[in-house]
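What follows is one structure encoded as structure tokens, with my remarks underneath.
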Amino acid sequence: MNAPSSSSIAATSIPEAFGGPVGAPVGGAGALREHPLLNGLNEPQKQAVCLPAEHGLILAGAGSGKTRVLTTRIAWLMQTGQVSPQGILAVTFTNKAAREMLTRLSAMVPINVRSLWVGTFHGLCHRLLRTHWRAARLPETFQILDTGDQQAAIKRLIKAMGVDEERFPPRDMMHYINALKEQGIRSGQAEAHDAHTRRKVEIYAEYEAQCQREGAVDFAELLLRAYELLQQDEALRIHYQQRFRHILVDEFQDTNPLQYAWLQLLCGPQTVIFAVGDDDQSIYAFRGADVANMRAFERNYAKGNVIRLEQNYRSHGNILTAANALITNNADRLGKNLWTDAGEGELIRVFQGVSDLDEARYIVDEIRELTREGFSRHQMALLYRSNAQSRVLEHALFQAGIAYRVYGGLRFFERLEVKHALAYLRLIANQDDDTAFLRVVNFPTRGIGARSLEALQVEARQLNSSLYNAAASLTGKAGTAVSQFIRLIEGLRVETSGLTLPEVIDHLLDRSGLRQHYQAEKDGQDRLENLEELVNAAATFADDPEAAHNIDRETGEATSLLADFLAHAALEAGEHQAGDQDEAVQLMTVHSAKGLEFSAVFIVGLEQGLFPHENAMMARDGLEEERRLMYVAITRARQRLYLCHAQTRMLHGQTRYCLPSSFLDELPEALLQRINTVPAWSAGSYSTGWSDAPAVDMATRVSARAAGAAESAGGFHVGQSVVHAKFGAGVILSAEGRGDEARVQVRFGQAGTKWLALAYAKLEAA
DNA sequence: AGGTACTCTTTTTTT
DNA sequence: AAGAGTACCT
């Protein structure tokens, strides 16, 4: 996508009032480099912080002090008078990162951090759109659709259009639409060379119209609207270009094309962009991130002004060496090698379990050992590729009485009961919000069934109005149920007009019947508590001056606080849950571990097909992204690293025979300490000093089964590791037939799964 | 309108 | 295996 010529290209930087000539030798800024803020930084870090007023790319490896450099640079820029707080724009990907930046910053400089723009891409775009809603052609009360809302809206639309849901699944349509938006493509510009795609584009177009009608904006739309706003409104664009002298971007490798284009638009002739990222940690290509942005930025903006932060302050040497060795197998890297002066440290422990249960038991045992050695539990992490893997681990930890905490899963504002309460709130704020309307029009049930709703939708279509307005216009004749609902909402609007935000919610919970509903429900206790928690959250939000004044607009404050809270709920899905146990082992996916560090890390389930994940192989460069994921996982560990895999694993309710991950082969053997070597399918248990718990597990059962005639053939048995002359190493999945007709199904690493006739194939036991 | 039985799916995730 | 979603029955 091309940004308008006025702003798109790396204009030569113009010296800032203070900065001295562009490209001045580093020594020229000598005085500035004596600043106390720089104490304790290493040379490249200092260079990065003190980069003259030119675009720069900081290649910051894992554990190299990236966040510190970013925040120190902001503080340094301000303290040395090169820029005022208003001239700073700092962009992150998560709210957490934004918060952390602000926290660190306010510890460094005595400055009112509210005057800086620090936030996520989505948060900042939202801020732009709230401020300039008219210019963006949005209703003042526009609402944000989260993923669930968006999918519901698309599904509703597909039904209304009479499109076959089988051929156009709402989920796929959502991905399709979002992918286009992330490339800046509107329905009008989307290419369609076949009938199916043309239909998809039509749905996209209808979806755009529906959102506009309802005043709904999805996540991708926040970015796209803000982009178009700046692109089309020259005065506005120039205003912000002149305001933001320094744009700082965190996790640059995770930007998608639209975000990059947005940055380009904001980058005026006097703007300096400071981008920090690590191409080796790009693990979000599957949701549209494009590492190519780093190269493009280097080429068009930084122009060789690249600083590498390669000293790692986190991990011991062996761990880093392993990570480096692994990532070397990726082609087309920007290039970077981490080092440390912390010493080699321990070897990396590799454990092979007979089954996933076996693996879990080993981990439990090892956690106890680590505790004896003095590791604290919250400094231990269990990292896995997919969430489904947590169950076995949780079970084992629970049985062993080890406190643990699972990250991920349902977030607070995504809980059903909370969404219901918010939907009432949204209807108060914006009655055209059909998604909210449909969510609660009959919840708690008030006798409005599918029939009345269908009639309503027909009516709304005819009037070209929202469901709410259609309902209001029908009120006289359409029976009491619908009209009572309308009266309920209107009543709420009146009754809550003078109340504070938490009071509004509290009142709404009673009037809507939500509270009573969950009181009556058997298992409603948790849900009730969450509703009370929502009132608390609103109180906290209303009391927090920073949050409340996040948006500088000049409208009435009661409404605006409500709107702000709703936006907050959508944009900040809520910290996972309270009840943090201090001494809990941390369980999470590798993805969510990015940016974190632990003294001891277990990487679990290192098997072909799982990690690297088989589905990832469909994607272009899928294996490379998996490898980066593994790189991220390894570099989370400070001191001790365990790599675990199992020979069998329950997956989708079936036992699966697994080969060790190819990533294990990419690590230098000298760095590894093999905890055990399980002879393939030797009977019974295995060799580690395993003490308690009688082991009637998958292993024994499988072995017993493998010994039976039905699943063995010609000296081979199910689960056995074999070698084929052409396909290499594999595992026997199943067998059938006897004598000359005996065949076995084998899964090979590269070649996939094959049926081989024993009479012909040259199979050998591994 | 609400409950039950059946089918389908199943990578990662923030906003 | 398990959860979600759908269709169907009461």
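Residue numbering restarts at 1 for every chain, and letters A, B, ... go by the order of the sequence lines. Here the structure is a predicted model, which is why all the values come from computation and not from measurement.
Within the 4.5 Å cutoff, the side chain of Leu438(A) has heavy atoms near those of the Leu453(A) side chain. Within the 4.5 Å cutoff, the side chain of Leu623(A) has heavy atoms near those of the Phe663(A) side chain. In this structure, His568(A) and Phe413(A) have side chains that are in contact, with non-hydrogen atoms separated by less than 4.5 Å.
Nearest nucleotide to the Thr120(A) side chain, out of dT15(B), dT10(B), dT13(B): dT15(B). The side chain of Arg171(A) approaches dT10(B) more closely than any other nucleotide in the set dT10(B), dT13(B), dT11(B). The side chain of Arg391(A) lies closest to dA2(C) when the candidates are dA1(C), dT14(B), dA2(C).
Rounded to whole angstrom, the span from the CD1 atom of Ile177(A) across to the C1' atom of dT15(B) amounts to 17 Å. Straight-line distance from the CZ atom of Arg385(A) to the P atom of dT11(B): 9 Å, rounded to whole Å. Counting to the nearest Å, the C1' atom of dT14(B) and the CG atom of Asp218(A) are 14 Å from each other. In this structure, Leu651(A) atom CG and dT10(B) atom C1' are separated by 8 Å, rounded to whole Å. The OH-P distance, from Tyr407(A) to dT13(B), rounds to 14 Å in whole Å. Ile283(A) has its CD1 atom 12 Å from the C1' atom of dT14(B), to the nearest Å. Look at NE2 on His175(A): it is 14 Å from P on dT14(B), rounded to the nearest Å. Remark: C1' of dT12(B) and CD of Glu624(A) are 17 Å apart, rounded to the nearest angstrom.
At the heavy-atom level, Asp254(A) lies nowhere under 4.0 Å from the strands shown. Within the 4.0 angstrom heavy-atom criterion, no nucleotide atom of any strand lies near Leu124(A).
Judged by distance alone with a 3.5 Å cut-off, a donor-acceptor contact links the side chain of Thr147(A) to the base of dT15(B).
Comparing dG5(C) with dT12(B), their P atoms are spaced 16 Å from each other, to the whole Å. Rounded to whole Å, the C1' atom of dT14(B) lies 23 Å from the corresponding atom of dG3(C).
For the pair Lys155(A) and dT6(C), the criterion of a side-chain N or O lying under 4.0 Å from OP1 or OP2 is met. Within the structure, a side-chain polar atom (N or O) of Asn387(A) is placed less than 4.0 Å from OP1 or OP2 of dT13(B). In this structure, Thr589(A) reaches the dT13(B) phosphate: one of its side-chain N or O atoms is under 4.0 Å from OP1 or OP2. Phosphate proximity of dT15(B) to Asn95(A): present, with a side-chain N or O under 4.0 Å from OP1 or OP2. Within the structure, a side-chain polar atom (N or O) of Asn442(A) is placed less than 4.0 Å from OP1 or OP2 of dA1(B). Side-chain nitrogen and oxygen atoms of Arg287(A) include none within less than 4.0 Å of the OP1 or OP2 phosphate oxygen of dT11(B).
Both tests do not hold together for Arg628(A) against Tyr631(A): distance to the six-membered ring centre under 6.0 Å, angle to the ring axis within 45°. Because its NZ or CZ atom is not both nearer than 6.0 Å to the ring centre of Tyr176(A) and within 45° of the ring axis, Arg171(A) does not count as a cation-pi partner of that residue.
In terms of position along DNA chain B, the nucleotide closest to Gly447(A) lies nearer the 5' end than the nucleotide closest to the other residue of the pair Gly447(A) and Leu571(A). Each of Ala388(A) and Phe93(A) has a nearest nucleotide on DNA chain B; the 5'-most of these lies closest to Ala388(A).
Both geometric conditions, a ring-centre gap below 5.5 Å and a plane tilt below 30°, are not fulfilled together for His652(A) over the base of dT9(B). With centres under 5.5 Å and a plane angle under 30° as the test, the ring of His122(A) is not stacked against the base of dT15(B). Here Tyr284(A) does not count as stacked on dT13(B), because the ring centres are not under 5.5 angstrom apart with planes under 30°.
Under 4.0 Å is where a charged nitrogen must lie from a carboxylate oxygen, and between Asp250(A) and Lys66(A) at least one such pair does.
When all heavy atoms of Ala60(A) and Asp278(A) are compared, the closest pair comes out as O-CB, 3.2 Å.
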